[in-house]
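Working notes, structure below.
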Amino acid sequence: MRWSNALIPTLKETPADAVAPSHSLLLRAGMVRQLGAGTYTYLPLGFRVLNKAIQIVREEMDAAGAQELLMPAVHPVELWQESNRFGIMGEILMKLNLSGEGGGPTHVLGPTHEEVITDVARDLIKSYKQLPLTLYQIQTKFRNEARPRFGILRTREFLMKDAYSFDADVAQLNQSYDAMYEAYCRIFDRCGFPYVAVEAESGPIGGDASHEFMVPCAIGEDVVIHCAKCSYAANREKAEIGQVAAAAAGEAAPYQEVATPGRKTIREVCEFLKLPEARSAKFLIYMADDRPIGALVRGDHELNEAKLRRVSKAERLVPADPGPIEKIAGASIGSIGPINLAQKIAVYMDRSVAALADVVVGANREGFHLTGVVPARDLTHGEVHDLRNAEKDDPCPRCGSAMELSQGIEIGHVFKLGTKYSDALNATFLNDKGAAVPLIMGCYGIGVNRILAAAVETGHDANGIIWPLNLAPYEVVLVPLQVQNAAVMEAAALLEQQFTEAGVDVLVDDREQRPGVKFKDADLIGIPLRVVVGERGLKDGTIEVKWRTDEAAHTVPAANAGETILAELQARHAAIAEKCNERRAERAASRNR
RNA sequence: CGGGGCGUAGCGCAGCCUGGUUAGCGCGCCUGCCUUGGGAGCAGGAGGUCACCAGUUCGAAUCUGGUCGCCCCGACCA
């Protein structure tokens, strides 16, 4: 491709709205352009990168034995009602009415495809002899995100690779899951990402085992908890917390009601009572599928809604509105507590509260709190669970060491679904005993656009993007410095031909621009290898070669420059492949251990 | 949905508070000259219903009300 013919609208200045490095650099490099909130055009250069990512994903999915298909984005609303996710998904679903008349939605735009694939499976998979089977697609998903963010990181419309496995039993499911997990590792190895696989919460997708693939990064929206000692790693939504010793329960006096006039928040109450926040507990009331429940966590801790949802066995868990809360507790938020509510609602208590010798809670009387509440004595009606978000230095659930906290971009997620959808949609097959049993499913997603975001977040410097070789829109940018000089252009054309014949993507910057402009743009768009052909070099019989990741350039003899440069490129590819193989071997070794 | 900010040329911004000829500046773009190894210089030029609607006024980019859009924080979340 000749730059003079290409649409590569680079920008000198950073667009004001771009906050994340990936956002501003993708805009400045002329790779994407915003249409509206959470909707982006991929310009030719950005689309080339997207296609590189798609190609890697496709190759590894195929290599893992998955078969590609393509499902529609427009789904009949009945299918979503059948799985009961029409309500659960809530506002995230983009709804359409295609009836030509009034009334409610007749269709939704697919935010994910468990329903559609299960519909395919219930019609087409009839026998255990057809199993195992893994199907995948690379397709646009639609989610009405409440708040699109950070350029292409969180958008309303995005490309997802979604795969679904169908198995006859749990052992087969485990094999299918492991094959996808391994394929994901290879994909992200090939992208050159410093990813980590962490235990994850499965969320509304359902199921009982799940891992997320995270790329560590400052703008990452997810919090990863990990233990440096035993390598336990989990999303904060999921991260368990090791046991903490319970305080010795001495002979304690009964609890007392004390006036806390006007003190609403934990901080205000604790300051007033001159107690640390860690000796108080907040009582939070949630609606668990329309049934009110209460959760008690220490004042200085955060409730983990996923954990509460799991122990309460709720499909949908949302904070209760103030009105119902006051009706239940007889006091406004700020004075509510767990004592004497056990008859009215289920109460769940975090282990850290249970471990306290005594604690301050709301009195369910406006402007009053109870001090000296002894959990072991006074809160016996509450179930005790791990209900809070892990914090830095909390004990590891495996080894007890202090855990650490970091941020990451979620680029992939694998789930064991079990029979959640096959049960809901009645997708059964005949097993080897002739019995009709539900298909056992897994699902596996990769946010393809996020591969670009993650690559730029982890690969950039002051001058611009630094694409990994396997994702770069072009591997080589060939820069003839004097386009009016016939010898320079001839040498460049020869190299272009050699690269093209070798199957190497090359961009020739044939623009009539001063060298500085070309160098700046080459750095900005992040092409891994820059080859400069100039009058000066040709006079000495040399061509300049510079890797985007290297500090300095080096020269190669002009006579056989094409071969030499192709050999360098091949060596880099080989090094990446070798590293991927090493990691693969490490994974195999750790599995056998 | 709550809080904050912003909307003036493709991009970055000034002008608005204190209303008044033809709305400016830088980058980019076009033409010419010149220059040619890290975003040069000079000269000329094109490009804007000042987000939209309504109001106040002799007169609105500027004041008032509303609407829409975008960004950030929070809530929410595959």
Side-chain angles (χ1 to χ4, degrees), chain A residues 7-20 23-24 27-28 30 33-39 43 85 88-93 110-114 141-151 153-158 160-162 200-207 210 212 219 221-222 235 237 302 305-306 309 316-319 321 409-415 443-447 449-450 462-464 479-485 488 509 511-524 530 532-540 542-544 546 552-553 555:
Chain A
L7 180 63
I8 307 176
T10 57
L11 301 172
K12 266 193 204 175
E13 284 174 292
T14 304
D17 282 344
V19 176
H23 189 194
S24 77
L27 286 168
R28 285 191 55 210
R33 185 183 167 84
Q34 183 175 25
L35 178 63
T39 52
L43 295 169
R85 280 210 295 181
I88 291 168
M89 282 276 179
E91 296 303 306
I92 205 117
L93 275 181
T112 174
H113 278 66
E114 283 79 13
K141 299 286 184 268
F142 297 88
R143 292 181 190 177
N144 190 13
E145 292 288 350
R147 183 140 104 80
R149 236 193 287 230
F150 298 139
L153 189 65
R154 176 169 293 273
T155 53
R156 293 192 161 131
E157 180 187 329
F158 58 97
M160 182 190 244
K161 187 289 298 172
D162 46 325
E201 187 56 39
S202 49
I205 294 253
S210 170
E212 284 170 341
I219 63 149
E221 296 182 297
D222 290 273
N235 192 309
E237 292 174 350
E302 278 175 24
E305 292 184 6
R309 188 166 59 80
R316 189 181 167 91
L317 185 78
V318 291
D321 293 324
I409 297 176
E410 178 191 351
I411 49 174
H413 202 159
V414 292
F415 301 85
C443 78
Y444 316 91
I446 289 179
N449 315 258
R450 284 188 173 180
N463 292 321
V479 187
L481 288 184
Q482 297 83 19
V483 295
Q484 66 286 63
N485 180 315
V488 167
D509 191 352
R511 294 175 300 170
E512 288 200 46
Q513 289 287 357
R514 297 162 56 85
V517 173
K518 297 188 176 196
F519 294 148
K520 285 287 186 190
D521 271 347
D523 285 350
L524 178 59
R530 189 184 79 196
V532 178
V533 182
E535 288 171 345
R536 213 171 67 187
L538 287 187
K539 208 183 296 172
D540 306 335
T542 61
I543 302 275
E544 181 191 284
K546 182 182 177 298
T555 57

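Residue numbers start from 1 in every chain, and the chains themselves are labelled A, B, ... in the order their sequence lines are given, proteins ahead of strands. Source: prediction; values computed, not measured.
Between A:Tyr444 and A:Lys161, the shortest heavy-atom contact is O-NZ, 3.0 Å. Nearest heavy-atom pair across A:Ala18 and A:Leu27 is CB-CD1, 4.1 Å. When all heavy atoms are compared, the tightest approach of A:Lys518 to A:Asp509 is NZ-O, 2.9 Å. When all heavy atoms of A:Val19 and A:His23 are compared, the closest pair comes out as N-ND1, 4.1 Å. When every heavy atom of A:Arg530 is checked against every heavy atom of A:Asp523, the shortest pair comes out as NH1-OD1, 4.2 Å.
Rounded to whole Å, the separation between the C1' atoms of B:U62 and B:A51 comes to 16 Å. Rounded to the nearest Å, the gap between the C1' atom of B:U8 and that of B:A23 is 8 Å. Here, B:C6 and B:G65 have their P atoms 15 Å apart, quoted to the whole Å. Rounded to whole Å, the P atom of B:G39 lies 41 Å from the corresponding atom of B:U21. Separation of the P atoms belonging to B:C27 and B:A40 is 11 Å when rounded to the nearest angstrom. Between the C1' atoms of B:G28 and B:C68, the separation comes to 29 Å (whole Å). The P atoms of B:U49 and B:G66 are separated by 27 Å, rounded to the nearest whole Å. B:A9 and B:C50: their C1' atoms are spaced 10 Å apart (whole Å).
Checking B:A43 for Watson-Crick or G-U wobble geometry (two distances, each under 3.5 Å) identifies B:U31 as its partner. Nucleotide B:G24 is matched to B:C13 when pairs are restricted to Watson-Crick or G-U wobble geometry with both distances under 3.5 angstrom. Nucleotide B:A54: paired with B:U64 (Watson-Crick or G-U wobble, both distances less than 3.5 Å). Pairing for B:C77 is absent, with no Watson-Crick or G-U wobble pair whose two atom distances lie under 3.5 Å. Across all strands shown, B:C6 forms a Watson-Crick or G-U wobble pair with B:G69, both key distances being under 3.5 Å.
When the C1' atom of B:G26 is taken as reference, atom CD of A:Glu13 falls 7 Å away, rounded to whole Å. Between the CG atom of A:Asp523 and the P atom of B:G38 there is a distance of 13 Å, given to the nearest Å. Atom CD in A:Glu145 sits roughly 15 Å away from atom P in B:G74 (whole-Å rounding). Rounded to an integer number of Å, the gap from CD of A:Glu221 to P of B:C77 is 13 Å. Between A:Glu512 atom CD and B:U35 atom C1' there is a gap of 12 Å when expressed in whole angstrom units. Rounded to whole angstrom, the span from the CG atom of A:Leu11 across to the P atom of B:C13 amounts to 12 Å. Rounding to whole angstrom units, CD of residue A:Gln34 and C1' of B:C72 are separated by 13 Å. What separates CZ of A:Arg156 from P of B:C70 is a distance of 7 Å, to the nearest Å.
The side chain of A:Thr10 lies closest to B:G39 when the candidates are B:C76, B:U36, B:G39. Comparing B:G38, B:G12, B:U36 by their closest approach to the side chain of A:Ala16 singles out B:G12. Picking from B:U36, B:C73, B:G28 the nucleotide with the shortest atom distance to the side chain of A:Arg149 gives B:C73. In the set B:C72, B:U36, B:G39, B:U36 carries the atom at the smallest distance from any side-chain atom of A:Pro515. Considering only side-chain atoms of A:Val19, the nucleotide from B:G38, B:C72, B:C13 that sits closest is B:C72.
Remark: A:Ile92 engages A:Met89, A:Arg143, A:Glu145 in a side chain to side chain contact (heavy atoms under 4.5 Å, CB included) (not counting sequence neighbours).
Note on A:Phe150: only backbone sugar-phosphate atoms sit closer than 4.0 angstrom, heavy atoms only; bases stay farther off. A:Val517 comes within contact range of at least one nucleobase, with a heavy-atom separation under 4.0 Å. Nucleic acid contact for A:Ala37: sugar-phosphate only, since backbone atoms but no base atoms lie under 4.0 Å from a heavy atom of the residue. At the heavy-atom level, A:Gly90 lies nowhere under 4.0 Å from the strands shown. No contact: A:Pro111 has no heavy atom under 4.0 Å from any strand.
Comparing A:Lys546 and A:Arg450 by the nucleotide of RNA chain B that holds the closest heavy atom to each, the one mapping nearer the 5' end is A:Lys546. Ranked by how close their nearest RNA chain B nucleotide is to the 5' end, A:Val533 and A:Ala18 are led by A:Val533.
You'll find the side chain of A:Lys546 stays beyond 4.5 Å of the side chain of A:Val532, heavy atoms only. A 4.5 Å side-chain heavy-atom check between A:Ile543 and A:Leu538 finds at least one atom pair inside the cut-off.
Neither OP1 nor OP2 of B:U35 sits under 4.0 Å from any side-chain N or O of A:Arg514. At the phosphate of B:C1, neither OP1 nor OP2 sits under 4.0 Å from any side-chain N or O atom of A:Arg147. For B:G38, the OP1/OP2 oxygens have no side-chain nitrogen or oxygen of A:Lys518 closer than 4.0 Å.
Scanning atom types as modelled, no donor and acceptor separated by under 3.5 angstrom connect the side chain of A:Arg28 and the base of B:G10. Contact of A:Arg530 with B:G38 (side chain to base): a donor-acceptor pair of N or O atoms is detected under 3.5 Å.
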